[in-house]
Asker: 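Could you have a look at this structure, given as structure tokens, before my questions?
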Amino acid sequence: MARNRQRDRAPAASVVETVDGGLAELIPDRERPRAWTLLIDGAPQSHVDLDDPAHLTFEYQRRLGHIADLVAPPQRPLQAVHLGGGAFTLARYVAATRPRSTQQIVELDGLLVQLVRRELPLDAGARIRVRSTDARAGLAKVQDGWADLVVADVFSGARTPAHLTSTEFLGEVRRVLRPGGFYAANLADGPPLTHLRGQIATAAAVFPELALAADPTVLRGRRFGNAVLLASDRELPVAELTRRVATDPHPGRVEHGRALAEFAGGAVPVTDASAKPSPVPPASAFR
């Protein structure tokens, strides 16, 4: 009977509102009854399934999910900071896979936060606090050594703001992380990959251990796309991360050690004085 009611139910309507960052659209997923994709000015930002928050669709979100899985033994609650909220996808994932986790989301766009809270409400039992402020300002308010995981997924006009790309910013990230904690960043770049190489050099100036997960065509500079950078002060679970990324629906590659240093190709660390936003994506990136 439930299946018939589901079949007869009218499809959900899209929700379109102007937020601080532009035009926000929540598009219903035709294959999942309570799943939605968030777009800002036509650029896909997040996918959320309210019935199954552990389901991750976008490839970069799956890679961030793998990192959240590997930062600590399964089911152990985490203390996590999410810089950039979107539709709160990864915070929902951590809450579902690691009950009793305590999380902070820092999202500058207050109108977007209101939209997501209203249309895609968080589980009442989730220990998730949302702050509407600048990512770096919000990070500065987190106490030393509080977080097991810090995730940076911040885009304004589809570009990462300059002040979130520097060694000074990553110094704040490392201050907030407890020993052995993970920093994960969603980075976007295209040929000639100048921004991505610079971000690797910047992270290497602050953290002793790095790994990078991305589609091979992005790493070869053949198209614009996302890469997920992982950094820590402890040895990384590179073999397991590589296995997971390679077996994703959209398989990727993980670079680490000498190969990653060679990929960076002599790029120099970015400082506050030299920082620039990430490049503007080509129109074809979202087709």
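Throughout, residue positions are numbered sequentially from 1 according to the sequence presented.
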Asker: I'd like to check the side-chain contact (heavy atoms from CB on, under 4.5 Å) partners of Pro208; sequence neighbours left out, ordered by chain and number.
Answerer: Arg174, Asp233
Asker: Indicate whether the side chain of Gln61 and that of His47 have a donor and an acceptor atom separated by less than 3.5 Å.
Answerer: no
Asker: Quick check against the 3.5 Å criterion: does Gln45 have a side-chain atom that pairs as donor or acceptor with the backbone of Ala87?
Answerer: no
Asker: Quick one: side-chain contact (heavy atoms from CB on, under 4.5 Å) partners of Arg117, sequence neighbours excluded?
Answerer: Phe88, Val113, Leu122, Val130
Asker: Who are the salt bridge (charged side-chain N to carboxylate O under 4.0 Å, His left out) partners of Arg223, not counting sequence neighbours?
Answerer: Asp215
Asker: Are there more than 12 heavy atoms of other residues, nucleotides or ligands under 6.0 Å from atom CZ of Arg220?
Answerer: yes
Asker: Would you mind telling me which of His55, Arg92, Arg34, Arg32 makes a side chain to side chain donor-acceptor pair (under 3.5 Å) with Asp49?
Answerer: Arg32
Asker: What class does the angle between the rings of Tyr183 and Phe207 fall in, given that below 30° is parallel, 30 to 60° is tilted and above 60° is perpendicular?
Answerer: parallel
Asker: Going by salt bridge (Lys or Arg N to Asp or Glu O under 4.0 Å), name the pairs with one or both residues in residues 19-29, residues two or more places apart or in two chains.
Answerer: none
Asker: Treating Asp248 as the side-chain partner and His250 as the backbone partner, does any N or O pair qualify as donor plus acceptor under 3.5 Å?
Answerer: no
Asker: Is it true that a side-chain atom of Arg253 and a backbone atom of Pro216 form a donor plus acceptor pair closer than 3.5 Å?
Answerer: no
Asker: Side-chain atoms of residues 155-163: list all donor-acceptor pairs with protein atoms under 3.5 Å, sequence neighbours left out, distances to 0.1 Å.
Answerer:
unit_1 : atom_1 : unit_2 : atom_2 : d
Arg159 : NE     : Ser278 : O      : 2.6
Arg159 : NH2    : Ser278 : O      : 3.2
Thr160 : OG1    : Val154 : O      : 3.3
His163 : NE2    : Asp134 : OD1    : 2.8
His163 : NE2    : Asp134 : OD2    : 3.4

Asker: So which pairs with a foot in residues 136-150 pass salt bridge (Lys or Arg N to Asp or Glu O under 4.0 Å), sequence neighbours left out?
Answerer: Arg76-Asp148, Arg136-Asp272, Asp144-Arg175, Asp148-Arg178
Asker: Between Asp69 and Arg244, is the salt bridge (charged side-chain N to carboxylate O under 4.0 Å, His left out) condition met? List the steps.
Answerer: CA-CA 11 Å; Asp69 291 344; Arg244 291 179 180 227; 2.9 Å; yes
